[in-house]
Peer 1: 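Here you go, one structure.
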Amino acid sequence: MKKIEFTSWHDLTDSPYFDEASFYETFDGGQSFNWKIKEEYVEGIFLNAIFRIKLKRNKLVFSIPKGLDSKTAEKKLSNYVANDIDFKSIQDQLPWRSDPILKCSIEAFPHLRILRQPLNETLFSFLCSSSKQIPQIKQILDLSASRYGVNIFSNYRSLPTWTKLAQLAETELKELKLGFRSKYIYKTAKFINSNPSWLNKLNDLSLNDSKKQLMRLPGVGEKIADCVALFALGKLDAFPIDTWIEKILIKAYELEDFNKNQLIRFAQHHFGRYAGYAQQFLFAAARSKVIKL
DNA sequence: CCGCAGGATACTG
DNA sequence: CAGTATCCTGCG
């Protein structure tokens, strides 16, 4: 195994601005399981490319394996961090003026953003995520990549493709510590494989229609459908309700008598077209104990 | 609305 | 150090 060498640090053109807390919450919060946290940088693979990323004077700088085209890599990264969105305007359109809980959440992570993650990888990751905590999810994904992933460079492997997954036996999936999720992955892989254009068509649908489609898959309930819609389909009005968010709404927003559907409807009315961003701010704030529950 | 699924992690005795 | 509770979400 040849030792891999990385380039020196490149500035990312038009990089978003990050403070330290927002940077780590963006790359290692609830939205992505892709990044390994090292002393000096975070390292991860997406779209068949390997990246090291860190902050330099509040902007992103990146390094890739030597010998690869840094312009191509830079384009991928720019899109991944959504450097073209008007982040300030999105933030300003959230109802923080009338919502002190949201206001203090945003103040704690003022530059937290939502990444644009590849659809196939995001669907796989979140199918693996149900009833698991983040370190365990990362472990499953690591194991899946090292066994069945695409060899990118040296010993770096990306997550397995759906085509590859469709070729695996259910017993082989079980060995990835997927537990009862192996059945979901197995059936979903077969479905995607026999409906090759199905995944990409999701991009053209509204939030509700894309969720309906996603929830046809075994193992995809409303929460996971919302995550995929928000993190991979760019539906910024999606509002995934996990146990943290549920706790926040019930306790901090005092919505004791609301059921799941009523909570989602409340969130979409109250937070509006960028409800997904509100969700990320609240989630980060609750986990870091900025909001007390 | 409840209980199960499963593997790690955090407690208890 | 063995045993037990807890976490977490789709599904029947």
Side-chain angles (χ1 to χ4, degrees), chain A residues 25 28-37 117 121-148 159 162 165 168-192 199 202 207-208 210-233 235 238-252 255-267 275-276 279-280 282-289 291-293:
Chain A
E25 190 61 29
D28 195 35
Q31 61 174 312
S32 177
F33 311 111
N34 237 336
W35 298 93
K36 296 192 170 69
I37 312 306
Q117 301 182 66
E121 301 174 16
T122 307
L123 178 59
F124 178 67
S125 301
F126 280 92
L127 264 174
C128 297
S129 76
S130 75
S131 310
K132 288 271 174 212
Q133 279 144 319
I134 292 169
Q136 300 169 15
I137 300 165
K138 287 191 173 188
Q139 207 177 312
I140 291 174
L141 296 179
D142 264 358
L143 192 56
S144 309
S146 64
R147 288 243 178 117
Y148 303 114
L159 292 178
W162 284 108
L165 291 166
L168 300 178
E170 210 177 325
T171 49
E172 294 176 298
L173 292 168
K174 277 247 169 66
E175 286 163 23
L176 299 176
K177 302 188 178 184
L178 285 166
F180 62 88
R181 298 155 203 82
S182 53
K183 195 162 53 261
Y184 302 156
I185 301 285
Y186 183 81
K187 289 186 175 166
T188 294
K190 298 282 188 222
F191 175 84
I192 289 176
L199 256 189
L202 296 176
L207 170 62
N208 279 331
S210 62
K211 277 174 68 176
K212 265 183 216 154
Q213 284 297 316
L214 285 163
M215 287 166 71
R216 290 171 60 192
L217 300 173
V220 178
E222 187 152 34
K223 189 265 180 187
I224 288 180
D226 270 318
C227 287
V228 174
L230 179 58
F231 302 138
L233 298 175
K235 312 291 186 222
F239 193 86
I241 299 188
D242 66 346
T243 49
W244 285 98
I245 295 296
E246 191 173 13
K247 254 187 253 171
I248 294 166
L249 292 177
I250 288 175
K251 300 220 172 153
L255 305 175
E256 279 91 354
D257 302 328
F258 284 48
N259 67 27
K260 266 255 165 69
N261 270 327
Q262 293 166 329
L263 289 178
I264 288 194
R265 254 183 292 155
F266 165 83
Q279 192 266 11
Q280 283 298 287
L282 293 173
F283 182 84
R287 287 206 315 158
S288 65
K289 302 191 162 87
I291 301 174
K292 43 180 189 292
L293 300 170

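Note on naming: letters A, B, ... go to the chains in the order of the sequence lines (proteins, then strands), and numbering restarts at 1 for each one. Every heavy atom of this structure was used, including side-chain atoms; hydrogens, water molecules and symmetry mates were not.
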Peer 1: Under the rule for side chain to side chain contact (heavy atoms under 4.5 Å, CB included), what residues qualify as partners of S182(A), not counting sequence neighbours?
Peer 2: L173(A), K174(A), L178(A)
Peer 1: Just to verify, what does F126(A) make a ring pair (Phe, Tyr, Trp, His ring centres under 6.0 Å) with, not counting sequence neighbours?
Peer 2: F33(A), F231(A)
Peer 1: Side chains of E172(A) and R147(A), heavy atoms from C-beta outward: is any pair under 4.5 Å?
Peer 2: no
Peer 1: Quick check for you: name the first and last nucleotides of DNA chain B, 5' to 3', having an atom under 4.0 Å from a heavy atom of chain A.
Peer 2: dA5(B) to dA8(B)
Peer 1: Using a cut-off of strictly less than 4.0 Å between a heavy atom of the residue and any atom of DNA chain B, enumerate the qualifying residues of residues 170-179 of chain A by number.
Peer 2: K177(A), G179(A)
Peer 1: Tell me every residue that passes salt bridge (charged side-chain N to carboxylate O under 4.0 Å, His left out) with K36(A), counting only those two or more places apart in sequence or in another chain.
Peer 2: D142(A)
Peer 1: Students often get this wrong, so: under 4.0 angstrom with heavy atoms, is P135(A) touching a base, only sugar-phosphate, or nothing?
Peer 2: nothing
Peer 1: Using a 4.5 Å cut-off on heavy atoms from C-beta on, say whether the side chain of I248(A) contacts that of I245(A).
Peer 2: yes
Peer 1: Which atom pairs, one a donor and one an acceptor, fall under 3.5 Å between side chains of residues 211-220 of chain A and the rest of the protein, sequence neighbours left out?
Peer 2:
residue	atom	partner	partner atom	Å
K211(A)	NZ	E222(A)	OE2	3.0
K211(A)	NZ	D226(A)	OD1	3.2
K211(A)	NZ	D226(A)	OD2	3.1
Q213(A)	OE1	W198(A)	NE1	2.8
Q213(A)	OE1	R216(A)	NH1	2.9

Peer 1: State which residues pass side chain to side chain contact (heavy atoms under 4.5 Å, CB included) with K247(A); sequence neighbours excluded, sorted by chain then number.
Peer 2: L293(A)
Peer 1: Holding to side chain to side chain contact (heavy atoms under 4.5 Å, CB included), I want the full list of residues that pass it with S131(A), two or more places apart in sequence or in another chain.
Peer 2: F180(A), R181(A)
Peer 1: Residues in salt bridge (charged side-chain N to carboxylate O under 4.0 Å, His left out) with D242(A), at least two apart?
Peer 2: none
Peer 1: Reading nucleotides 4-9 of chain C 5' to 3', which nucleotides get B (base under 4.0 Å from a protein heavy atom), which S (sugar-phosphate only), which -?
Peer 2: ---BBB
Peer 1: Of the non-hydrogen atoms in L141(A) and S125(A), which two are nearest, and what is the gap between them?
Peer 2: CD1-OG, 3.7 Å
Peer 1: Are the side chains of Q136(A) and K177(A) in touch, meaning some heavy atoms are under 4.5 Å apart?
Peer 2: no
Peer 1: Taking five pairs at each end, how big is the angle between the two axes of the helix from dC2(B)-dG12(C) to dG13(B)-dC1(C), to 10°?
Peer 2: 50°
Peer 1: Quick one: list whatever passes side chain to side chain contact (heavy atoms under 4.5 Å, CB included) with R287(A), sequence neighbours left out.
Peer 2: E25(A), I134(A), W244(A), F283(A)
